[in-house]
Structures are given as structure tokens and as C-alpha cells.
> 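Shown below is the structure under consideration.
All figures in this text were calculated on a predicted structure; none of them were measured in a lab.
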Amino acid sequence: MSTNAQKAARPFVSRVRVQGFRSVAECDVRLGPLTVLAGFNAAGKSNFLDAIRFVRDALALSPTRAIAQRGGLDSILWRGRESAGEGVDSFSITLELSFAGGDATYHVRVGRAPGLGFPLAVLGETLILAVGDERAEYAVGLVDDRERRVGDVAPGVRLGPDELLLPLLGRYAPYDILLQALLGMRFHELDTPQLRGLDDTRVRQVRLGERGEHLGQVLRALSDGYPEVKDSVDGWMRWLIPSLLGVDHRMQGDYVTIQARFWTGDPNLPFWEAVNAGRVNAGDPHVEVFESEQLSEGTIRAIGVLAALNQPDALDGTIPLVALEEPELAIHPAKVSGVLSAMAEAANHTQVIATTQSSDLLNGEETESSTLRIVEMDAGVSRIGSLSGHMQDVLRKNPDQLPEFHRQGWLRPVGDSEGESGA
């Protein structure tokens, strides 16, 4: 577990504006290197994250396929408040981005296009991009005659109704850096059976699957290429799970899974004496190895969270953003604040966004009101924003009250566009 205080990286996604997407009628949210989306069940935390993920999926696949994966356009469009007739026919997502050597604003709007004989179309796509001394921008407007003409930025190119321009331009500089960064974002909703599963090593993997696939291969890659990071992962596991010494990959023929080393001797002081002396490996006194099937769900999930935060491509910047759905699940409440500390450490090398409904996660030294974005459901609409300036002042004087304020539902969102963000 690293104790080095480093300056957190610039956030890749610094601002998100969404209209008409699922339960999010409208929001304008600023994000930092570490952002925790806190709210009760069904508040809309996952819907907000999915808006960001939609941009990635639409670029990687197509808007039509990304929408189909989500159950169709009707399942995405905001339906409005009950009986108010406020539903919409399109949704839009705007991301403000910072990446290696550049900044960008990317906007897409997708919706119905019945007059053109298509169930949906890209109604607008806009990019403003600056990389070093290079500047580029374009705006592709509404569908016309079943095609969209893109003008001077790509002469002669005509896009179909559901095609985006950025994937085509991403073959060329300076668009390539931005496109690869957007495609590199990872959104993890870890699944315990996937984390335990056997993985075929004939196909090398260094990225953790978004459901937890390839965990053993990621641990092996850390051991081989990033031993200091692997030591840090083991250190966090020792903090989170009593008597656990470390986690490793385990070979079973051509397949790999995971295992963990546990201390079986006297607890407390002898445990830490063994750790400090480096006697923590299989074969050392009082060290026993447990296979993945023998590990608790909390142990498995904690390994998965730490692997997601420290996977090799996140360490070298290829993955500019790691999002985690409820990383504290199945971990003992007395220890979940350590998950927040591990996320804060990881924010030194990649942007981290996490959703939580747990007040215990907010009970740690790394908790700062400026990292929180509160999500609440109000009459069928998700409201997302920072804490008010007044509440941030209260918490600066009484930081230990944050978990209780969250538990009691006293933390309310204020939109960042209203100028009260603490970010």
C-alpha cells in the first residue's frame, strides 16, 4: 500500500451535460480526478454513468447498436414526470475532456427520425479539439435526404443517418488521440462468478473485463511488470481483509484463476511481524494458500476492485477513466473506507468515478465534500450535483458528520451550473 502523496491526475472527463437520457431530464456535472456519486437505491447514479458509457459504445460500435444493447430507444429516452406529458424524442450528451496534450468538447444528440423512414438518427454531432498547436472542429447537423454532409472537415464524405464522424476521422491526427482515449474508458460492474472464473491464457489479457473477467491475468501482469504496484495491492488487501497476506494468479493447465495467501498463526502482532519480515509467501511458516472457490465474496470483490483500479493500462494512461459500480459491496462496513482511500490513490494515475449507496464508504480520511456528487430521485427525475456551499462549510468544520448526514438523507444536490460547486 503506497504512502506517497502525489498530485492527482487531471480528470479526463471534467464536465458532463446530459438531456433526456433515462431518468436524467437535464444535468450539468463537473467531475474531478476522484468523484463519488452518492445516493440511495434507484436515484439514477448508474443512469448518469451510462450516459458517459453510451458515448464510448456509440463510437466503438454505432449509435444503433449501442441503443439496442440498452433495450431500444424507448428504454433510453426520458419519459417525463408521471402524467405530465413531458417526454422527449431525443437525448444529448456533452463531454468536456482533457487528455495527453489536449482538450476537447464532444457533443452528440440522437433521437427519432420518423420522417426519414428510420427509427433513430444522429441529429447532431459537434467537436471542438485542441492538441498542442493544432486546432480542429466540426458540426454535423440534422439528417437531410438520408445522409449528413460533413462539409470542409472531410470533403466528399457523407454519413448515414446513424453514423458518427469521429470514428472516421480517428484514423488521422489530431483526432486519433481523442478517439483512443474515449474508447479506452472502462465501466466496471463486477460479478463474483466472473471474478472467480477460469481464463484461457492462450489469449493474453492485461485489462480487467467490465464484469471481472481476466482477473488472474491482470494479477500476473502486475507481478511481472509492476511489482511495486502488486505490493501495493497486497498491502490494501491486508488492510481490508483480516489475516490476508496477498493475492496471486494460479495456473491450472492453460487456464489461470486466482488464489490468496492467509496467515494461520497467532493474530495481531505476529501477523505484522511476518509481514514486516517478508515471510508472507507459500511455504513460509503459518502461511496457507486458499483457492478462489474457498474465498468469500467480500474477498473476491475487494481483489476485483483493486485490480480494476491498478490494471496495467490504467497505470500507463491507456485507460483514462475507471468507473466502479458500488465498489464497497460485500466488504465489512468497518473496512469500506479503505476502498475510498485506494480509489484516491489510484486517482494519481487515472480518473476514478464510483457509485455508492453506502454511508460507511464516506467515513474515511480521503473523504472530501468536493469529491462528492449527490444523486437523488425527485418526482421521477434524477437530480445530480455538488453539495451546497453552506453544507460544505458545515462539513469542513465537522467532517466526521458526513456519513450520518448521508444516512439521514440531509445531503442534497446543487447543480454545478448554479455556481455552487466545490470542485
> Do NZ/NE/NH1/NH2 and the carboxylate oxygens of Arg186 and Asp313 come within less than 4.0 Å?
no
> I want to check something: taking the side chain as every heavy atom from C-beta on, are Thr201 and Tyr255 in contact at a cut-off of under 4.5 Å?
no
> I want to check something: taking the side chain as every heavy atom from C-beta on, are Thr257 and Met251 in contact at a cut-off of under 4.5 Å?
no
> Taking side chain as C-beta onward, heavy atoms only, is Val29 less than 4.5 Å from Thr35?
no
> Please confirm whether the ring centroid of Phe21 lies under 6.0 Å from the ring centroid of Phe48.
no
> Look only at the side chain of Arg301 and the backbone of Leu190, and say whether a donor-acceptor pair between them is shorter than 3.5 Å.
yes
> How far apart are the C-alpha atoms of Ile76 and Val110, what are their side-chain angles, what is the distance that settles it, and do they pass the side chain to side chain contact (heavy atoms under 4.5 Å, CB included) test?
CA-CA 11 Å; Ile76 292 179; Val110 180; over 6 Å; no
> Check Asp248 with Arg261, please: is the shortest side-chain N to carboxylate O separation under 4.0 Å?
yes
> Could you check whether atom CD of Gln408 has more than 12 heavy atoms from other residues, nucleotides or ligands sitting under 6.0 Å from it?
yes
> Whether the side chain of Asp234 engages the backbone of Val247 through a donor-acceptor N/O pair (distance < 3.5 Å, no angle test) should be reported.
yes
> For Glu376, is there any backbone N or O sitting under 3.5 Å from a side-chain donor or acceptor partner on Lys45?
no
> Nearest heavy-atom pair of Leu361 and Leu340: which atoms, and what distance?
O-CD2, 3.5 Å
> Under a 3.5 Å distance rule, please check whether Gln351 uses its side chain to pair with a backbone N or O of Gly32 as donor and acceptor.
yes
> Does a side chain donor of either His107 or Thr94 reach within less than 3.5 Å of an acceptor in the other side chain?
yes
> Evaluate Asp378 against Arg412 for salt bridge (Lys or Arg N to Asp or Glu O under 4.0 Å), listing each step before the verdict.
CA-CA 11 Å; Asp378 181 9; Arg412 308 297 301 279; 5.5 Å; no
> I'd like to know if the side chain of Ser23 pairs up with that of Asn47 as donor and acceptor (distance under 3.5 Å, no hydrogens or angles considered).
yes
> Looking at Glu26 and Arg17, is any side-chain nitrogen of the basic one under 4.0 Å from a carboxylate oxygen of the acidic one?
no
> Gln357 and His406: side-chain donor and acceptor closer than 3.5 Å?
no
> Would Arg250 and Gln259 count as a side-chain hydrogen bond (donor to acceptor under 3.5 Å, both in side chains) if you check the C-alpha gap in whole Å, the side-chain angles of each, and the deciding distance to 0.1 Å?
CA-CA 6 Å; Arg250 178 186 184 90; Gln259 63 184 27; 2.6 Å; yes
> For Arg135, does its backbone N or O pair with a side-chain atom of Glu137 as donor and acceptor, under 3.5 Å?
no
> Given Arg70 and Phe54, is the side chain to side chain contact (heavy atoms under 4.5 Å, CB included) satisfied, shown in steps?
CA-CA 9 Å; Arg70 290 160 172 80; Phe54 175 84; 4.1 Å; yes
> Side-chain contact test, heavy atoms from C-beta onward, threshold under 4.5 Å: evaluate it for Lys230 versus Arg220 and give yes or no.
no
> Under 3.5 Å, is there a donor on one side chain and an acceptor on the other for Glu325 and Thr355?
yes
> Give the minimum heavy-atom separation between Ile319 and Gly184, together with the two atoms involved.
CG2-O, 3.5 Å
> With a 4.0 Å cut-off, would you call Arg238 and Asp231 a salt bridge?
no
> Would you say Tyr175 and Leu168 make side-chain contact, with heavy atoms under 4.5 Å?
no
> Tell me yes or no: between the side chains of Tyr138 and Glu125, is some donor less than 3.5 Å from an acceptor?
yes
> Using atom types as modelled and distance alone, determine if a side-chain donor or acceptor of Thr350 lies under 3.5 Å from a backbone N or O of Ala347.
no
> Applying side-chain hydrogen bond (donor to acceptor under 3.5 Å, both in side chains) to Gln311 and His188, what does each step give before you reach the verdict?
CA-CA 12 Å; Gln311 53 194 305; His188 294 284; 3.2 Å; yes
> Please lay out, stage by stage, how Ile300 and Glu297 fare under the test side chain to side chain contact (heavy atoms under 4.5 Å, CB included).
CA-CA 5 Å; Ile300 290 286; Glu297 181 180 8; 5.7 Å; no
> With no hydrogens and no angle check, just 3.5 Å: does a side-chain donor-acceptor pair link Arg109 and Ser90?
yes
> For residues Leu215 and Ala307, report the shortest heavy-atom separation together with the two atoms involved.
CD1-CB, 3.4 Å
> Is it the case that the side chains of Gln19 and Trp78 hold a donor-acceptor pair, with the cut-off being a distance below 3.5 Å and no angle test?
no
> Return the minimal non-hydrogen interatomic distance between Leu208 and Gly304, and the atom names on each side.
CD2-O, 3.6 Å
> Look at Asp50 together with Arg56 and state whether they make a salt bridge at an N to O cut-off of under 4.0 Å.
no
> With a 4.5 Å cut-off on side-chain heavy atoms, are Ser386 and Ile374 touching?
no
> Can you list the steps and then say if Ile384 with Val24 is a side chain to side chain contact (heavy atoms under 4.5 Å, CB included)?
CA-CA 9 Å; Ile384 308 164; Val24 184; 4.2 Å; yes
> List the residues meeting side chain to side chain donor-acceptor pair (under 3.5 Å) with Ser223, not counting sequence neighbours, and say none if there are none.
none
> First locate atom CG of Leu49, then atom CG of Leu324, and finally report the distance between them rounded to the nearest 0.5 Å.
9.5 Å
> Look at the side chain of His349 and the backbone N and O of Pro320, then say whether any donor-acceptor pair between them is shorter than 3.5 Å.
no
> Short question: side chain of Asn348, backbone of Glu345 - any donor-acceptor pair under 3.5 Å?
yes
> Can any side-chain N or O of Arg407 pair as donor or acceptor with the backbone N or O of Ser359 at less than 3.5 Å?
no
> Apply side chain to side chain donor-acceptor pair (under 3.5 Å) to Thr64 and list each qualifying residue two or more places apart in sequence or on a separate chain.
Asp162
> Look at the side chain of Gln217 and the backbone N and O of Val203, then say whether any donor-acceptor pair between them is shorter than 3.5 Å.
yes
> Given side chains that start at C-beta, do those of Ser98 and Phe12 come closer than 4.5 Å, heavy atoms only?
no
> To the nearest 0.5 Å, how far apart are CZ in Arg207 and CD in Glu210?
9.5 Å
> Can you tell if the side chain of Leu195 reaches within under 4.5 Å of the side chain of Asp191, non-hydrogen atoms only?
no
